[in-house]
Amino acid sequence: MATSTVAPKPAVATMKAAQISKPGSALEIIEREIPEPDAGQVRIKVQACGICHSDVLVKEGLLPGIQYPRVPGHEVAGIVNEVGAGVTTWKIGQRVGVGWHGGHDNTCRECRRGDFRNCRNVKISGVSYDGGYQQYMVAPVEALVPIPDGLTDVEAAPLLDAGITTYNALRSSGAMPGDLVAVQGIGGLGHLGVQFANRFGYNVAAIGRGSENAVLARKLGAHVYIDSQATNAAEELQKLGGARVIIATAPNSKAMSALINGLGPNGKLVVVGAAPDPIEVTPAQLIFGSKTIQGWAAGTPAASEDALNFCVLTGVRPMIETYPLERADEAYARMMSGDAQFRVVLTM
Ligand SMILES: [Zn+2]
């Protein structure tokens with residue numbers, strides 16, 4: 001029997017997102033369609049997303065090739081909500097994260113050698129595609145990180161960039177247990193760097209401006225606190241024998257330049273804080289004592305998995321301030337102010 005009833009048009013499911021409509025514009029809250037995962041992708045119901053200083057690249061249009069409008073966010077914690085065709089190893093309901101490493105092509109020269117971090121066509125979540133400042137996001141499977149039960153969503157989120165960056169930079173730095181390792185900057189990255197350095201068994205010197213962070217730095221695991229305003233931090237490091245590694249987290253190139261003379265023989269300055277101005281160093285500073293300056297960016301999802309599990313094992317946790325997604329612009333301003341203690345995290 002035929003009926004004349006027209007099938008009701010399915011209501012389009014929508015969600016809230018915070019987007020940048022063009023470089024320099026504010027984060028605006030919009031209502032948009034919930035995205036569908038393609039083959040090799042999953043959809044994540046976002047629970048929490050950290051706001052990172054490098055989101056400024058999207059906000060202000062500082063990277064070439066970003067397509068706007070763009071939803072930032074590369075510190076994403078959530079739950080797999082739908083899987084695309086061909087996805088077999090990730091299940092609906094599974095807790096997952098997405099960090100800075102948003103995907104790789106598996107085919108370029110570096111990928112063929114297993115160096116996915118340096119993929120020639122590496123994708124960045126929240127830059128190459130829409131990130132976690134929204135209620136649902138879609139990500140390729142090679143970007144996913146399983147989140148262990150011992151971490152909440154808001155704890156896991158900042159560990160997926162700020163955490164993995166300091167963890168991976170330190171564990172790859174060549175420093176051995178007992179070596180003097182300095183962490184410059186007690187902020188979003190540095191407060192995690194101090195904790196990791198302590199758990200890795202280093203002799204940890206935290207370097208901050210002013211005396212107000214001394215108590216906190218010691219509580220986080222620093223053995224020594226060096227106030228770079230009251231003293232010459234490089235000389236203080238030399239009094240302790242010279243640093244095997246200095247991890248420079250505060251985006252301040254002048255402060256980094258001033259620390260190079262604090263390196264001991266074979267010492268290495270590992271740069272993770274991104275400031276636009278140059279680091280200044282003379283050849284002699286590097287030649288005598290075979291010093292190195294190295295840049296470091298985050299890590300692969302597999303390395304993030306190691307970092308999250310390490311945090312469960314050792315009690316390393318980020319210090320966070322949470323804001324609801326609706327207040328993303330205010331939360332971003334809070335992060336930019338430098339006053340947040342220490343990572344700002346959006347909750348959905
Ligand atoms: Zn590649």
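Because the structure is predicted, anything quoted here is derived from the model rather than measured. For reference, positions follow the sequence shown, starting with 1. Atoms within each ligand, like the ligands themselves, are counted from 1 in listed order.
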Checklist entry - Restricting to pairs with a member in residues 39-97, which pass ring pair (Phe, Tyr, Trp, His ring centres under 6.0 Å), not counting sequence neighbours? => result His74-Trp100
Checklist entry - Which protein N, O or S atoms sit under 2.8 Å from the Zn ion (ligand 1)? => result Asp105 OD1, Cys108 SG, Cys111 SG, Cys119 SG
Item to check | Non-hydrogen atoms of Leu269 and Met256 that approach each other most closely | outcome: CD2-O, 4.2 Å
Checklist entry - Can you find a side-chain donor-acceptor pair between Gln134 and Arg32 that sits under 3.5 Å? => result yes
Next on the checklist: Taking salt bridge (Lys or Arg N to Asp or Glu O under 4.0 Å) as the cut-off, I'd like each qualifying pair that reaches into residues 144-164, sequence neighbours left out, listed once.
Outcome noted: Arg95-Asp153, Glu155-Arg317
Checklist entry - Who pairs with Phe200 by ring-ring contact (aromatic ring centres under 6.0 Å, His included), at least two apart in sequence or on another chain? => result Tyr167, Tyr202, Phe310
Next on the checklist: Quiz question: by atom type and distance under 3.5 Å, do the side chains of Asp277 and Ser253 form a donor-acceptor pair?
Outcome noted: yes
